[in-house]
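First up is the structure itself, then whatever we jot down about it.
Throughout, numbering of the chain's residues begins at 1 and tracks the sequence. Remember, it's a predicted structure, so these values are computed and weren't measured experimentally. The analysis underlying the following values was restricted to heavy atoms, covering all of them including side chains, and did not include hydrogens, waters or symmetry mates. Remember, it's 1-based here, ligands and their atoms both numbered in the order they're listed.
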Amino acid sequence: MTEKKDIRILAYESSCDETSTSVIKNGCEIESLIVATQIKSHQRFGGVVPEVASRHHIEVISQITKEALSEAKVTWNDIDAIAVTYGPGLVGALLIGVSAAKAASMATGIPLIGVDHIMGHIMAAQLEDKIEYPALALQVSGGHTELVLMHDPIHFEIIGDTRDDAAGEAYDKIGRVLGVNYPAGKTIDNWAHQGKDTFNFPRAMLEDDDYDFSFSGLKSAFINTCHHADQIGEKLDKYDLAASFQAAVVDVLSHKTIRAIKEFKPKTFVLGGGVAANKGLRERLEMEIAKLKDKPKVIIPPMKLCGDNAAMIGAAAYNLYQAGKFSSLDLNADPSLELPYADSVLN
Ligand code: KG4
Ligand code: ZN
């Protein structure tokens, strides 16, 4: 009997402020992962400056391609596919990764696979444990807050979405009011653990019977509370503010997730995206799911795979490889890409 050949994918991620390359074996084993972060360059502007992001991506992408191969102890000859995030994200930033991946594919003849960034975040879980389908994902990042029903490894259906701000975006915006550097999520999370939920901020759409979210009302309530205190010269406790904000976010996210688990009965629940690093959210979801009678298996990726990275793109690309979903060399960046292959589920 011939031994099954290992499939190795070299993946690129450059959709926002991280340039990353990775070699992934068989969709689940990280042979190398390089992440070049630019956060320091953007901090003084209070958010990501698209032009600055693109320039940093260009500066490092060739070097970290070599590093990913050498750290994995492989050459181009060992690579079966080249994967790249082609959306959603900042168009200029995406284009650097897409151009690098296309150039490598053209020069080597290795097939190209375009990957949706959100599909990537969700598939970080596959690097941790085997996902059994149907599965449900709560995908929470700086740009997205979605509940995603996963019918199989590539056919996903969004069952709930944010109507306004994403959860991470709300963290970053209220962080600015508290004088916390961008991205603020981690610091607010740490502060929240040192305070109490004393402000009773609104929990929007909690009782609605859909799976959508809204965080802009919470953000405004938070900012108004701070401004009002400023005007009357009152000093508010930053730890209690953080704890109250986080309690409102976590309440809504966990309430809707548990309801979706009860309705759709997934075999696996997956948490993904930058906000998946939130300790409060991780603890609460684990606790609520443990109380259920029909518990799905829970996969929460390690912290280093919650933020943007190319390993998750390589994991998602493996599933597309298995399904024969390759891209042509005219692949373009799509800043507002919606999950591909979703239609075939909905129709
Ligand atoms: O997924 P990601 O790295 O980039 C996007 O695709 O958006 O997510 C970044 C977001 C930022 O808004 C950041 O503040 C948030 O994730 N974040 C957190 C935590 N760590 C990062 N939010 C809450 N708690 C955290 N511990
Ligand atoms: Zn992301």
Among all protein heavy atoms in this structure, tell me which lies nearest to atom 18 (C) of ligand 1, with the distance rounded to 0.1 Å.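 Checking every protein heavy atom, the shortest distance to atom 18 (C) of ligand 1 gives Gly185 CA, 3.5 Å.
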Enumerated ligand 1 atoms positioned under 4.0 Å from heavy atoms of [X]:
X	answer
His117	6 (O)
Gly143	7 (O)
Gly142	5 (C), 7 (O), 8 (O), 9 (C), 10 (C), 12 (O)
Asp189	24 (N), 26 (N)
His121	1 (O), 6 (O)
Gly307	3 (O)
Gly168	12 (O)

The Zn ion (ligand 2) neighbourhood, protein N/O/S only, threshold under 2.8 Å: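 Near the Zn ion (ligand 2), the protein supplies His117 NE2, His121 NE2, Asp308 OD1.
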Salt bridge (charged side-chain N to carboxylate O under 4.0 Å, His left out) pairs, two or more places apart, involving residues 77-100: Lys5-Asp80
Pairs involving residues 176-195, ordered by first then second residue, that meet salt bridge (charged side-chain N to carboxylate O under 4.0 Å, His left out) (sequence neighbours left out):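 Listed by first then second residue: nothing to list.
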Structural part of Glu18 in contact with ligand 1, heavy atom criterion under 4.0 angstrom: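 The answer is neither.
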Is it true that His144 lies under 4.0 Å from ligand 1, counting heavy atoms only? no
Taking side-chain hydrogen bond (donor to acceptor under 3.5 Å, both in side chains) as the cut-off, I'd like each qualifying pair that reaches into residues 113-123, sequence neighbours left out, listed once.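 Pairs touching residues 113-123 that pass the test: Glu13-His117, Ser15-His117, His117-His121, His117-Asp308, His121-Asp308.
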Please confirm whether the ring centroid of Tyr171 lies under 6.0 Å from the ring centroid of Phe245.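 Ring-ring flag for Tyr171/Phe245: true, centres closer than 6.0 Å.
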Do the ring centers of Phe222 and Phe199 come within less than 6.0 Å of each other?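 When the ring centroids of Phe222 and Phe199 are compared, they turn out to be at least 6.0 Å apart.
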